[in-house]
Amino acid sequence: MAYITLDVDKLQANFKFLDDLLSERKIGWSVVSKLLCGNKMFLEKLVGLGVKSLCDSRVTNLKMIKTLNCNIETIYIKPPPKQSVKDVVEFADISVNTELKTINWLSKEALKQNKTHKIIIMIELGELREGVMREDFVSFYRKVFELPNIEVVGIGTNLTCLNGVLPSEDKLIQLSLYRQLIEAKFTKEIPMVSGGSSVTIPLIFNEVLPSGVNHFRIGESLFMGTDVYNDKPLNGLNTDVFKLYAEIIELIEKPMVPVGEFGTNLEGESLEVELENHGATSNRAIIDLGLLDVDSNHIIPKDSSINLIGASSDMLVIDLGENKGNYKVGGLIEFNLDYMGVLRIMSSKYIEKRVFNGQS
């Protein structure tokens with residue numbers, strides 16, 4: 001048995017911190033909820049915080065959000081695939097776009113559904129993920145403005161997520177200037193400059209965020225309490241909103257070095273034996289968690305004396321040393337997680353999800 005907990009009180013504190021930080025500067029923001037993998041119970045708690053706008057990269061998750069609160073603004077946060085266009089128009093108030101052909105499909109579907117579909121056009125600023133090339137963006141906008149049932153509500157950019165290109169005052173000034181150019185050239189209002197994400201938050205504290213950037217998309221800092229720019233905790237935020245617990249299903253004192261002829265393990269790795277461990281023993285435990293559920297590189301035992309030895313598909317082996325924590329079979333091992341650790345756990349149907357608050 002293994003389960004992950006969401007601490008609602010700590011999540012609420014993080015939400016209030018970020019909401020105050022941004023609202024004081026008249027910056028709108030949307031919560032990126034894809035980390036929750038559409039889990040209804042966790043989404044209910046998130047919606048209950050008073051969130052006004054949610055972003056996700058799965059249409060099924062946006063559908064779930066709309067069933068929980070039809071008044072929440074929903075944003076499909078990646079360029080839509082053709083097969084999802086109908087559902088994107090139905091369940092996403094806004095979508096992020098970079099391809100004229102896709103926007104044509106959205107236009108035709110919006111016409112069928114008698115809707116005006118809103119879009120944010122992403123501009124490439126060096127990260128080389130999604131984004132229209134800067135030399136093409138004027139002609140791109142010209143063609144989009146001709147399409148029926150499409151309203152361009154924003155210009156945006158993505159940084160850091162793929163290649164680690166950090167946001168800078170210069171890059172975000174460029175984004176703001178592109179918005180001004182489009183508005184002047186086409187006599188159109190582009191209300192949203194969506195240039196901020198978790199990694200951009202330190203620019204606020206350093207007072208170098210250009211005033212033209214008026215919208216943030218935030219997930220990691222809200223859920224994990226991280227300063228993504230500097231790869232450390234962000235002062236004022238809780239870093240333990242999520243915790244993972246896994247049950248010990250075996251605990252036996254065993255040799256520290258395997259015996260026999262070595263090949264490769266499940267992941268194609270060959271064991272490197274440490275000679276000083278020959279003849280030594282240790283308390284080794286197996287916990288009810290494996291590669292089906294999580295990458296062990298993204299979970300950290302709360303007890304620093306515990307060492308992760310390795311994992312197979314459905315079991316993870318840990319070294320308890322002298323077992324000074326007095327662990328027993330049937331007991332639980334507690335883990336902290338990073339963003340990818342939570343993402344893997346949340347996408348596993350085998351791991352129970354539990355809500356925790358001060359009363360739980």
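Note on residues 340-353: pairs passing side chain to side chain donor-acceptor pair (under 3.5 Å), not counting sequence neighbours, are Asp293-Ser348, Glu352-Arg354. Within the structure, every pair that satisfies the salt bridge (charged side-chain N to carboxylate O under 4.0 Å, His left out) test and touches residues 68-88, not counting sequence neighbours, is listed here: Lys86-Glu90. Applying the ring-ring contact (aromatic ring centres under 6.0 Å, His included) test to residues at least two apart or on different chains, the pairs with a partner in residues 225-249 are Tyr3-Tyr245. The ring-ring contact (aromatic ring centres under 6.0 Å, His included) contacts involving residues 95-139 comprise Phe137-Tyr178, where partners must be two or more places apart or lie in separate chains. For residues 38-87, no residue pair satisfies the ring-ring contact (aromatic ring centres under 6.0 Å, His included) rule, not counting sequence neighbours. A salt bridge (charged side-chain N to carboxylate O under 4.0 Å, His left out) check over residues 38-67, counting only residues at least two apart or in different chains, returns the pairs Lys66-Asp93. Residue pairs meeting the ring-ring contact (aromatic ring centres under 6.0 Å, His included) criterion with at least one member in residues 180-207, sequence neighbours excluded: Phe145-Phe186. The list of salt bridge (charged side-chain N to carboxylate O under 4.0 Å, His left out) pairs with a residue in residues 222-245, not counting sequence neighbours, reads Lys10-Asp240, Lys243-Glu334. Residue pairs meeting the salt bridge (charged side-chain N to carboxylate O under 4.0 Å, His left out) criterion with at least one partner in residues 118-147, sequence neighbours excluded, are absent.
Atom-to-atom distance recorded for Leu308:CG and Ile318:CD1 is 7.5 Å, nearest 0.5 angstrom. Note that the CD atom of Glu189 and the CZ atom of Arg179 stand 7.5 Å from one another [nearest 0.5 Å]. Rounded to the nearest 0.5 angstrom, Asn230 CG and Leu166 CG are separated by 8.5 Å. Put simply, OG on Ser176 and CD1 on Ile155 are 8.5 Å apart, with the number rounded to the nearest 0.5 Å.
Side chain of Thr226 to main chain of Pro233: no donor-acceptor pair is present (N/O by atom type, distance under 3.5 Å, no hydrogens or angles). Remark: side-chain polar atoms of Asn163 are not paired, donor with acceptor, to backbone N or O of Val165 under 3.5 angstrom. Checking side-chain atoms of Asn214 against main-chain N and O of Val193 turns up a donor-acceptor pair under 3.5 Å.
The two residues Ile248 and Leu251 have their closest heavy-atom pair at CG2-CB, 4.1 Å. Looking at every heavy atom in both residues, Met346 comes nearest to Leu36 through CE-O, 3.3 Å. The nearest pair of heavy atoms linking Asn14 to Asn238 is OD1-N, 2.7 Å.
Listed by chain and number, the residues in a side chain to side chain donor-acceptor pair (under 3.5 Å) with Lys188 amount to none (sequence neighbours excluded). With sequence neighbours excluded, the residues that form a ring-ring contact (aromatic ring centres under 6.0 Å, His included) with Phe15 are Trp29.
Other residues, nucleotides and ligands place more than 12 heavy atoms under 6.0 Å from the CG atom of Asn206.
Among the candidates Val59, Thr102, Thr74, the single residue satisfying the side-chain contact (heavy atoms from CB on, under 4.5 Å) test with Val88 is Val59.
Linking ILVMFWY side-chain heavy atoms closer than 4.5 Å, directly or via other members, places Ile27 and Val199 in a single hydrophobic cluster.
Hydrophobic cluster membership of Ile309, counting Ile, Leu, Val, Met, Phe, Trp and Tyr whose side-chain heavy atoms lie under 4.5 Å apart directly or via other members: Ile249, Ile286, Met315, Val317.
Counted by atom type alone, Asn283 and Tyr327 present zero donor-acceptor pairs between their side chains at under 3.5 Å. Side-chain N/O atoms of Ser305 and Asp303 include a donor and acceptor closer than 3.5 Å.
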